[in-house]
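Below: the structure, in structure tokens.
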Amino acid sequence: METVVSGIRPTGNLHLGNYFGAVKNFLQMQNDYNCSFFIADWHSLTTTAKPENIVQSARTILAEYLACGLDPDIATIYVQSDVKEVLELYLYLNMNAYLGELERTTTFKEKARQQPNNVNAGLLTYPTLMAADILIHKAVKVPVGKDQEQNMEMARKFARRFNHLYEVDFFPEPESFYFGKEAIKIPGLDGSGKMGKSDGNCIYLMDDEKTIRQKVMKAVTDSGPTKANSEKPEVIENLFTFLDIVSDKETYDFYNEQWNTCSIRYGDLKKQLAEDINKFCAPIREKIKEYSANTELLDKIAKQGAEKAQESASKTLKEVRQIIGFRP
Ligand code: AMP
């Protein structure tokens with residue numbers, strides 16, 4: 001069975017971008033692949049110098065994973081920092097990762113712009129830690145959103161470089177994985193490119209009905225189409241992306257027709273969208289509350305996941321040490 005790995009940073013609650021970019025694909029895979037889904041708590045140190053309540057933040061994400069339907073009896077669900085083997089592989093990969101290529105990654109440049117006073121080495125080597133997360137399980141498929149495509153290219157490069165350097169055929173080259181035609185990018189409702197925790201433009205799975213409505217009603221729009229069948233500007237296309245993922249086809253077609261005939265009323269569209277987003281989030285929200293209250297269960301699941309992940313990780317690492325030439 002092929003191995004699949006993916007992870008999310010516990011720097012806040014899960015948002016619709018996380019769900020539709022990563023979790024949804026994963027849910028469709030857990031029965032057919034050997035799946036590992038982790039909580040990337042080391043990665044969060046790259047953007048938050050001194051995170052508070054690390055253990056509790058990981059529990060929150062774990063409760064959200066379970067509420068979405070990830071099944072700990074089928075998939076391996078673990079906290080990254082419980083699997084220390086990842087760090088050793090990260091070190092080896094860093095020895096063959098070059099400053100120029102790391103500095104050129106878009107995510108590094110973006111984050112360096114967002115946090116000019118904290119351009120740390122961890123941020124620079126984010127792609128090597130991500131590659132270590134994937135390669136430690138020799139995963140071949142990685143369900144990620146469009147924003148991670150370049151980091152996935154780096155992971156393939158590091159796998160190839162290792163194989164070439166040591167003249168082995170050891171690491172498979174991992175591919176991004178999604179069920180649709182292409183990787184999805186969930187936009188921000190503020191008109192910005194993507195929904196992201198550090199962009200402050202998220203709709204969280206945990207948001208209540210009123211909060212969802214407030215956020216959707218504030219979404220940026222334009223003054224409306226003036227020519228029939230015209231192309232939609234990005235801010236409007238964004239609203240239709242949301243309709244496409246949470247509403248039924250008739251609703252999407254109805255507003256699309258209104259756009260094409262220049263009779264669209266954004267207020268109505270937004271009300272409908274808020275209702276459909278709430279309909280989607282409500283059952284997950286209830287389950288998040290149930291799981292969050294059961295700390296004992298969450299800790300048990302994390303422990304069981306850590307044991308399974310360590311088993312796979314230590315096997316890979318043992319072979320890596322042998323290939324490089326360290327004592328077994
Ligand atoms: P992060 O929140 O940066 O830890 O991202 C975790 C996962 O969610 C990665 O697989 C991302 O590709 C995915 N993701 C985050 N934001 C979005 C978005 N706006 N659209 C699609 N996927 C996303």
Side-chain angles (χ1 to χ4, degrees), residues 8-27 37 39-41 44 47-48 51-71 77 145 184-221 235-236 238-248 251-252 254-255 265-298 301:
I8 294 182
R9 288 171 303 140
T11 46
N13 293 89
L14 289 194
H15 55 75
L16 293 180
N18 293 140
Y19 185 88
F20 288 99
V23 177
K24 186 175 174 219
N25 283 324
F26 206 83
L27 287 173
F37 216 80
I39 295 159
D41 55 351
S44 45
T47 49
T48 317
E52 278 175 28
N53 299 327
I54 294 180
V55 173
Q56 190 47 42
S57 305
R59 277 195 198 118
T60 302
I61 297 283
L62 179 55
E64 294 185 313
Y65 280 176
L66 299 172
C68 290
L70 293 182
D71 184 344
I77 307 178
I184 194 164
K185 182 181 85 176
I186 302 301
L189 283 171
D190 52 355
S192 77
K194 108 172 186 166
M195 181 176 287
K197 285 166 212 155
S198 21
D199 303 300
N201 60 2
C202 297
I203 295 184
Y204 296 100
L205 298 177
M206 257 313 271
D207 280 345
D208 59 29
E209 189 172 0
K210 188 168 160 223
T211 309
I212 293 173
R213 200 175 332 113
Q214 279 169 347
K215 288 183 180 177
V216 174
M217 294 316 281
K218 272 204 282 191
V220 178
T221 51
V235 285
I236 306 304
N238 287 353
L239 291 177
F240 277 84
T241 300
F242 282 101
L243 281 180
D244 190 32
I245 57 173
V246 295
S247 306
D248 52 33
T251 307
Y252 182 95
F254 174 78
Y255 286 104
R265 284 157 46 145
Y266 293 135
D268 293 350
L269 185 157
K270 286 179 178 178
K271 256 188 234 146
Q272 178 74 49
L273 188 57
E275 208 176 285
D276 291 345
I277 291 177
N278 183 55
K279 224 185 275 168
F280 169 79
C281 291
I284 300 181
R285 190 162 65 218
E286 287 316 305
K287 285 195 198 136
I288 296 175
K289 283 184 202 149
E290 280 168 34
Y291 280 117
S292 298
N294 197 342
T295 313
E296 209 177 306
L297 175 72
L298 294 175
I301 290 173

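Because the structure is predicted, anything quoted here is derived from the model rather than measured.
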Do you know the tightest heavy-atom contact between K197 and G12? CD-N, 4.2 Å
To the nearest 0.5 Å, tell me how far F254 CZ sits from D248 CG. 12.0 Å
Going by atom types alone, do D208 and T211 pair a side-chain donor with an acceptor below 3.5 Å? yes
Using the ring centroid of each side chain, check whether Y65 and F26 are separated by less than 6.0 Å. no
Donor-acceptor pair between D244 and T241 side chains, under 3.5 angstrom: no
CD1-CG distance between I288 and L62, expressed to the nearest 0.5 angstrom: 11.5 Å
Looking only at non-hydrogen atoms, find the nearest pair between C68 and V23 and report the distance. CB-CG1, 3.8 Å
Value for NZ (K185) from CG (N238), rounded to nearest 0.5 Å, stands at 7.5 Å
Side chain to side chain, I39 and I8, heavy atoms closer than 4.5 Å: no
Take Y255 and Q272 through the test side chain to side chain contact (heavy atoms under 4.5 Å, CB included) and record every step on the way to the result. CA-CA 10 Å; Y255 286 104; Q272 178 74 49; 3.7 Å; yes
Heavy-atom side-chain contact between Y19 and L14 under 4.5 Å: no
Side chain to side chain contact (heavy atoms under 4.5 Å, CB included) filter on E290, not counting sequence neighbours, yields none
Does the D190 side chain pair with the main chain of V220, one donor and one acceptor, at a distance under 3.5 Å? no
Just by modelled atom types, is the D207 backbone N or O under 3.5 Å from a matching donor or acceptor in the K215 side chain? no
Does R213 reach the main-chain N or O of K271 with its side chain, forming a donor-acceptor pair under 3.5 Å? no
Close side-chain approach of F20 and M195, heavy atoms under 4.5 Å: no
Evaluate the criterion side chain to side chain contact (heavy atoms under 4.5 Å, CB included) for residue pair R285 and I212; output intermediate values, then yes/no. CA-CA 12 Å; R285 190 162 65 218; I212 293 173; 3.9 Å; yes
Step by step, would you call Y266 with I236 a side chain to side chain contact (heavy atoms under 4.5 Å, CB included)? CA-CA 9 Å; Y266 293 135; I236 306 304; 3.4 Å; yes
Heavy-atom side-chain proximity of L269 to F240 below 4.5 angstrom: yes
Inter-residue atom distance Y291.OH - L298.CG, 0.5 Å rounding: 9.0 Å
Quick check for you: to the nearest 0.5 Å, what is the distance between T221 atom OG1 and K270 atom NZ? 4.5 Å
For A40 and P10, which heavy atoms make the closest approach, and how far apart are they? O-CD, 3.2 Å
Under the side chain to side chain contact (heavy atoms under 4.5 Å, CB included) criterion, do I184 and I245 qualify, and how do the steps go? CA-CA 10 Å; I184 194 164; I245 57 173; 4.1 Å; yes
What distance separates K194 NZ from N201 CG, expressed to the nearest 0.5 Å? 9.0 Å
State, to 0.1 Å, how close Y204 and C281 come at their nearest heavy-atom pair, and which atoms those are. O-SG, 4.3 Å
Are any of the side-chain heavy atoms of L189 and L239 separated by less than 4.5 Å? yes
Side-chain contact test, heavy atoms from C-beta onward, threshold under 4.5 Å: evaluate it for T11 versus P51 and give yes or no. no
So does H15 get a backbone contact from the side chain of N18, meaning a donor-acceptor N/O pair under 3.5 Å? yes
